[in-house]
Amino acid sequence: MQMTDLPPAAVLFAGALLLPLFKGKWRFAVALALPLLALADSWAVITQGGESFIPFMGMTLQPVHVHAATPVFATIFCIMLAGGVLFSMNDDRRVELTAAFVYAGGALGVAFAGDLVTMFVFWEVMTLGSTIIIWSGRQHDSYGAGLRYFGMHALGGVALLMGIIIVVTQRLHEGAADPLAFGHFSAMVDGWSHLDWDNAGMWLILVGMLVNAGAPPFSSWIPDAYPEGSTSGTVFLSAFTTKTAVFTLLVAFAGVEVLIYLGVYMAIYGVVYGVNANNMRRLLCYSLVNQVGFMLIGIGVGTKLSIDGAAAHAFAHIIYKALLLMATGSVLAMTGRFRLGELGGLYRTMPVTMWCLIIGGLSISGFPLTSGFTSKSMVVQAIVDESSRMAALGEPHTYLIVTWFLFQAATAGVFLDACVKLTWFIFFQKDSGLRPSDPPWNMKAAMIGFAFICILLGVFPGLLYQILPYQGEAAAYAKVVYSLEHVMVMLGMLGFSGLAFFLLLPILKRGSYIHLDIDWIWRRFIPRFWKEVLLPLLQQLDNAQKAILESLPGRGMRDPSLPAPIARRMGNMWAVSVPVFLIVLMLLVYLVAYFVLPTL
Amino acid sequence: MSDEPKASGVSTRALIAWLVGAAVLVAIVAVDYTVHHHAHFTADGIDVDAMPEFFPLFGLVSGFVLVLLSKTLSIALKRKDTFYADD
């Protein structure tokens, strides 16, 4: 067996097992070396076009397969893990670090998964790793948030698994040669023809993937769970789950129109909730939803350029989002405060952190000379191209025009929100009197490294374009990306959106508030409904029934002639009365229905 | 940026920051007038985005609309951040 027969994720899983054996500097060295080793291994597999097959219940598992989008995602997952390790190393978090390796290993495993079962297994491994990271957060609600996070992803995982079972069963019936294959309903491999929407299995798979992408109505798990990680934990969390979902959607569902609508919703939702957010890391989680929305739009448009754009944007986004969360994490670590209203004036003593945050903020807004500009603008251009193509064919395309304008508005919004607002409230506004220094050297190094990549990809986009799914398309685009018109459009739009922020500053001062989201239904409404309506109702029913029973001749349990201990014990036995009553009622309804409706 | 505000209300640094910001914005608009802008959706007769002042205006209006939308929603959805912790 050759090294390339093993999925590169194996390196990271081995690391997770090995790391606890090392201490101090050695662990630091090993933890930094392993992601780089995984990166080298990934590229060995990619360049050799590695494939491996394992027989499984008469079918074939394919734990190593190189999809068109694998190179870009495998690369960024490894770089991200290395950066996160560097950032976390001053803090001795053994459990979190091991969990991060498991988590990143899961993501890397999905990027190389050639079949649905392998994909699903790594998918669930990610859920385990990430839940442990949230639980090691030691924030005030880490435990509860981790539970809710796990519940949400367990639910998404069940949808995914059910979908996979249905799809595989159907393929077996049809006598498909490779029933487990992942990617065969992919536009990237086979064109659009394989999409079959009568197929409930595909819908379930799509839903399972969308839960992890943070699509509505389940966007709120991101701002709920991620801010409860530790300073380094949140950095890891921001990178893998949503972007692995983007990868799988890109492989399986490119060109599916509904993704455009979901993406537009997420792009706007992220800004609207972000503007209101007071917890600085929660604000960034909202803008994470906003950015994944842009990626979904790119996947939904489904042209070569838009798919390249979505993949490039995922790459760029992992870097600058991690950078932003590192910078805010540094502020949290050095001040112990996370509410924007309690910070301010830190520019005096945290200049490195401030400049890193600004570079991350400019990148997320797609400012010229940053990575966001060279990646996001591909999706923007693809929408225009696709719209004119459809206009020429006389097909309906108004939704693309609307999408384009909303996309631009959300871009302006995210600059206001995740760049200007964040920088202003943390580093300027009124002086909070805090004088924290910049964080320890390893945190600074990780931030400076990622800030450097943001600029590097902004200035030399070709570095990223050459590993995208459709390099030719991207190479052609590289020639026009820095047209003066493109640059001026962004400068004008972002500059004046910044002006809007300062004009509206009086109404943007924050108190300590959160804003209700759809998760209110399961965090507040359902528990309260049970506690205050359903449970009292059942108790009333129970009492009523007891009263009836006691009034019956012979009076069942409460026979005063029985010794007290026996009577009490018999009384306890009536706890099943409500269920029995309900079952009898149900059987009665069924019996009546059986005679009234003979067709049942 | 606004350092310690003086009794008059606005510090000189804040004033300078506003002036520099305004100068940058004026410069952007000025340069914008020298650049040829293409309309993106000519096939549909939409050419408003070919005007040089379109994108600055669009950024400003987007910022206002999104913030005001956000603040409007906030009226109904705002809760103390101990809301769920009270359970």
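A quick note: this is a predicted structure, and the numbers were derived from the prediction, not measured. Chain naming here is simple, since letters A, B, ... match the order of the sequence lines and numbering starts at 1 in each.
Between A:Leu508 and B:Lys71, the closest side-chain pair of non-hydrogen atoms falls below 4.5 Å. For the pair B:Leu77 and A:Trp520, the minimum side-chain heavy-atom distance is 4.5 Å or more. The side-chain heavy atoms of B:Leu60 and A:Met493, taken from C-beta on, include no pair separated by under 4.5 Å. By the 4.5 Å heavy-atom criterion applied to side chains, A:Asp141 and B:Tyr84 are not counted as neighbours. With contacts defined as side-chain heavy-atom distances shorter than 4.5 Å, the pair B:Arg79/A:His515 does not qualify. Residues A:Ile401 and B:Ile46 are in side-chain contact: their nearest non-hydrogen atoms beyond the backbone lie under 4.5 Å apart. Considering only heavy atoms from C-beta on, B:Leu68 comes within 4.5 Å of A:Ile507 through its side chain.
Taking chain A as the reference chain and counting heavy-atom pairs below 4.5 Å, the highest number among B:Asp49, B:Val61, B:Leu73, B:Val67 is found for B:Val67. Counting heavy-atom pairs under 4.5 Å between each of A:Asp417, A:Leu504, A:Asp385, A:Leu484 and chain B puts A:Leu504 at the top. Put simply, of B:Val31, B:Val24, B:Leu69, the one with the most heavy-atom pairs under 4.5 Å next to chain A is B:Val31.
Using a 4.5 Å cut-off between heavy atoms, B:Asp32 contacts chain A through both its backbone and its side chain. Of the two parts of B:Val65, neither the backbone nor the side chain holds a non-hydrogen atom closer than 4.5 Å to a non-hydrogen atom of chain A. Proximity to chain A (any heavy atom under 4.5 Å) is shown, for B:Leu57, by neither the backbone nor the side chain. Of the two parts of A:Gln408, the backbone and the side chain both hold a non-hydrogen atom closer than 4.5 Å to a non-hydrogen atom of chain B.
Other residues, nucleotides and ligands contribute more than 12 heavy atoms inside 6.0 Å of the OH atom of A:Tyr399. B:Lys80 NZ: more than 12 foreign heavy atoms inside a 6.0 Å radius.
Among all heavy-atom pairs drawn from B:Leu66 and A:Val272, the shortest one is CD2-CG2, 4.1 Å. The two residues A:Ala391 and B:Asp44 have their closest heavy-atom pair at CB-OD2, 4.4 Å. In plain terms, the two heavy atoms of A:Ala409 and B:Phe58 that are nearest each other are N-CE2, 3.5 Å.
Below 30°, between 30° and 60°, or above 60°: for A:Phe405 and B:Phe41 the angle between ring planes is between 30° and 60°, a tilted geometry.
Taking the ring centre of B:Phe83 as origin, the terminal cationic atom of A:Arg523 falls outside the region bounded by 6.0 Å and 45° from the ring axis.
Side-chain N or O atoms of A:Ser497 include none that pairs as donor or acceptor with a backbone N or O of B:Gly59 at under 3.5 Å. Between the side chain of A:Glu485 and the backbone N or O of B:His38 there is at least one donor-acceptor pair closer than 3.5 Å.
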